[in-house]
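Down below is the structure, laid out as structure tokens.
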Amino acid sequence: MARKRGGSGAKNGRDSNPQYLGIKTSGGSLVKAGTIIVRQRGTKIHPGTHVGCGGDYTLFALVDGTVSFSSRRGRKLAGIIPAGTPE
């Protein structure tokens, strides 16, 4: 008979890496094209004007400008007001 158990003593030594989700750029801040605005799972926040949506639902700026968050028909939207445009 074996004195030690067959390797089943250390089954809980694994942990997944953190996902770093959330809003990365606050409303009113200046961003360049390609800057990540929100990392999310699913469309909690939908893309508005001048905002693209990646395959993992990451929202990013398509133009240089100012970030603005709003809502329309019960949906949260993230948009970009292009630089040099009067508000």
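In what follows, residues are counted from 1 in the order of the sequence shown.
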Given 3.5 Å as the limit, does a donor-acceptor pair link the side chain of T49 with the main chain of I81, or not? no
Are there over 12 heavy-atom neighbours, none belonging to R41, within less than 6.0 Å of that residue's CZ? yes
Taking all heavy atoms of K32 and all of A61, pick out the closest pair and write down the distance. O-CB, 3.7 Å
Spacing of K76 atom NZ and Q40 atom CD [to the nearest 0.5 Å]: 10.0 Å
Run through the side-chain heavy atoms of Ile, Leu, Val, Met, Phe, Trp and Tyr, join any pair under 4.5 Å, and report what else lands in V31's cluster. I23, I37, V38, I45, V51, L59, V63, V67, F69, I80
With heavy-atom distances below 4.5 Å as the criterion, would you say the side chains of R39 and T58 are in contact? yes
